[in-house]
Amino acid sequence: MADPKKLFIKTYGCQMNVYDSERMAEAMGGAGYVETQSPDDADMILLNTCHIREKAAEKVYSELGRFRSLKDEKPDLKIGVAGCVAQAEGEEIMRRQPLVDMVVGPQSYHRLPQMEAKAREGKKALDTDFPLDDKFETLKNRPKAKRGPTAFLTVQEGCDKFCAFCVVPYTRGAEVSRPATRILDEARDLVERGVREITLLGQNVNAYHGEGPDGNDWSLARLVWALNDIDGLERIRFTTSHPNDMDDELIAAHGTCEKLMPYLHLPVQSGSDRILKRMNRKHTAEEYIRLIERIREARPDILMSGDFIVGFPEETEADFQATMDLIEEVKYGYAFSFKYSTRPGTPAAERAQLDEDVKSERLYRLQERITHHQRAIQDAMVGREVSVLFEKPGRLDGQMVGKSEYLHAVHVAESGLNPGDLARVRIIESGSNSLSGQVIGQGGS
Ligand code: SAH
Ligand code: SF4
Ligand code: F3S
């Protein structure tokens, strides 16, 4: 039998791209490909790209340039661009970089094997449709390979919110929720293959409203409760949520659903009502803060995380101060912050842009405060007992590393534990990016 062909996938952007890359590897597995960790011995290279900020999008072209010598050495090498840059720039990519054989948008991955066959005939293949057939359905015939303890599972895709700065509604299309039965089947399958923790993914995951087994529309809370009943699944998380879709049921689940972890990523972007309005976020800073209060009433120890954009068009120093005030009030355990990046085709791109220096200086100040809170929250874990799901060996001999329920990285010395084990751990030290602790008992969640 001939050696299998090798596929190298490089993934940029959000967790949904990580999930999609796994699906692409499975689709190409059906066409005789195995994954390789290096582009050098690959027969096919796929870049799964992100379009969210200018830098992310430009990276694709510099990365492609680096493959020129590989293609010179191996003319049979096929190069594909997938993901959100593929969706947004389509043919433009082939024009700008003739090395590219295939361009495939996020809704068309199930058609990759046919595209590869076309590329093998020496033709260029482009597919950026939003097809009616369900890409998840055609992708589900996966091999039953063993998995690590944690996995992503896409439940909802696309966005109808149209925040003024954001490309996602254009690159991922309209909101679509997968039927609950398919999600539950996929979750059971993951658990059979060793998964203990599932993170449900969606661009607006809490807007989930898929068809339930009873024929009614299920909310995300219903889905989480159904997942809670799966034996062997120990932890449930979901991301990313929009504040306006946090309904009462979901807030309550944070207090009562034992497998739902006390961590919530709830981006707000800005603390200024004037800017929130211009961003088309459709809520005020006060409403967001009240919402977090209600979530904390349901689950007092929940760790909050968020996203921020600084330097949105027309943001004044006073607007920025309002964001800093909101940060002081909420005290995030994690946060992702970005300088506003102008995205062609979005409404905010048409408005007066701020100086790069002003953006950089605000980002610096904001990150300084965020880091301060993050540090304080992490340090306050010392002395506490947490549950840790172990994922892999650490750098030192015998060391194991995993995540606490609050998503802090925790390592323990010599413990006899294996990846996939859950244990109760007493935190003894807070390091720069992780905690260290001592195992005090097996089990937990
Ligand atoms: N659906 C999620 C976010 C998806 S994009 C939500 O509604 O929060 C992830 C993050 O990238 C956003 O939360 C935002 O902070 C950032 N982002 C999106 N567009 C951006 C832009 N044009 N410039 C800078 N940051 C941006
Ligand atoms: Fe983008 Fe806003 Fe949709 Fe999030 S909710 S994906 S920021 S448009
Ligand atoms: Fe990027 Fe697309 Fe995700 S633009 S953040 S890869 S949805």
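Fair warning: this is a prediction, and the values are worked out from it, not measured in the lab. We count ligands from 1, going down the list as the structure has it; atoms in each ligand are counted the same way.
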| Sole candidate of Glu116, Glu26, Lys6 that passes side chain to side chain donor-acceptor pair (under 3.5 Å) when paired with Tyr33 |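 Single pass found, and it is Glu116.
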| Checking ring-ring contact (aromatic ring centres under 6.0 Å, His included) against Phe308, which of Phe336, Phe338, Tyr332 comes through? |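 With Phe308 as partner, ring-ring contact (aromatic ring centres under 6.0 Å, His included) holds for just one option, Tyr332.
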| query | In chain order, what residues pass the side chain to side chain contact (heavy atoms under 4.5 Å, CB included) check against Ser434, with sequence neighbours excluded? | reply |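 With neighbours one apart ignored, the set is Ala409, His411.
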| query | Do the non-hydrogen side-chain atoms of Arg120 and Asp76 ever get within less than 4.5 Å of each other? | reply |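 Touching, per the 4.5 Å side-chain cut-off.
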| task | Give every protein N, O or S atom lying under 2.8 Å from atom 2 (Fe) of ligand 3, naming each by residue and atom. | result |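 Short answer, with waters excluded from the count: Cys84 SG.
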For [X] and [Y], work out which heavy atoms get closest and say how close.
| X | Y | value |
| --- | --- | --- |
| Thr346 | Ala164 | CB-O, 3.4 Å |
| Lys71 | Ile79 | CD-CD1, 4.0 Å |
| Val401 | Gly394 | CG2-CA, 3.4 Å |
| His283 | Glu287 | CA-OE1, 3.3 Å |

Pairwise distance [atom1]([X]) to [atom2]([Y]) - rounded to 0.5 angstrom:
| X | Y | atom1 | atom2 | answer |
| --- | --- | --- | --- | --- |
| His265 | Thr199 | NE2 | OG1 | 12.5 Å |
| Glu89 | Arg96 | CD | CZ | 7.0 Å |
| Asn17 | Lys10 | CG | NZ | 13.5 Å |
| Leu363 | Ser337 | CG | OG | 5.0 Å |

| task | List, ordered by chain and residue number, the protein residues whose closest non-hydrogen atom lies under 4.0 Å from any atom of ligand 1. | result |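 Lining ligand 1: Ile52, Arg53, Phe165, Gln203, Thr240, Pro267, Gln269, Arg281, Asp307, Ile309, Phe338, Lys339, Tyr340, Ser341, Arg343.
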| task | Examine ligand 3 and decide if any of its atoms is less than 4.0 Å from a heavy atom belonging to Gln15. | result |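 Contact absent.
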| said: A cation-pi test, strictly: NZ or CZ of Arg23 under 6.0 Å from the centre of the six-membered ring of Tyr19 and no more than 45 degrees from its axis. Yes or no? | reply: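 Positive - Arg23 is close enough to the ring of Tyr19 and near enough to its axis.
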| Of Glu192, Glu22, Glu197, the residue whose pairing with Arg147 passes salt bridge (Lys or Arg N to Asp or Glu O under 4.0 Å) |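 Looking at Glu192, Glu22, Glu197, the match for Arg147 under the salt bridge (Lys or Arg N to Asp or Glu O under 4.0 Å) is Glu22.
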| query | Which protein atoms of type N, O or S are found under 2.8 Å from atom 2 (Fe) of ligand 2? | reply |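 Protein N/O/S atoms under 2.8 Å of atom 2 (Fe) of ligand 2: Cys163 SG.
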| query | Can you list the atoms of ligand 3 that are under 4.0 Å from a heavy atom of Gln203? | reply |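 With Gln203 as reference, the close atoms of ligand 3 come out as 7 (S).
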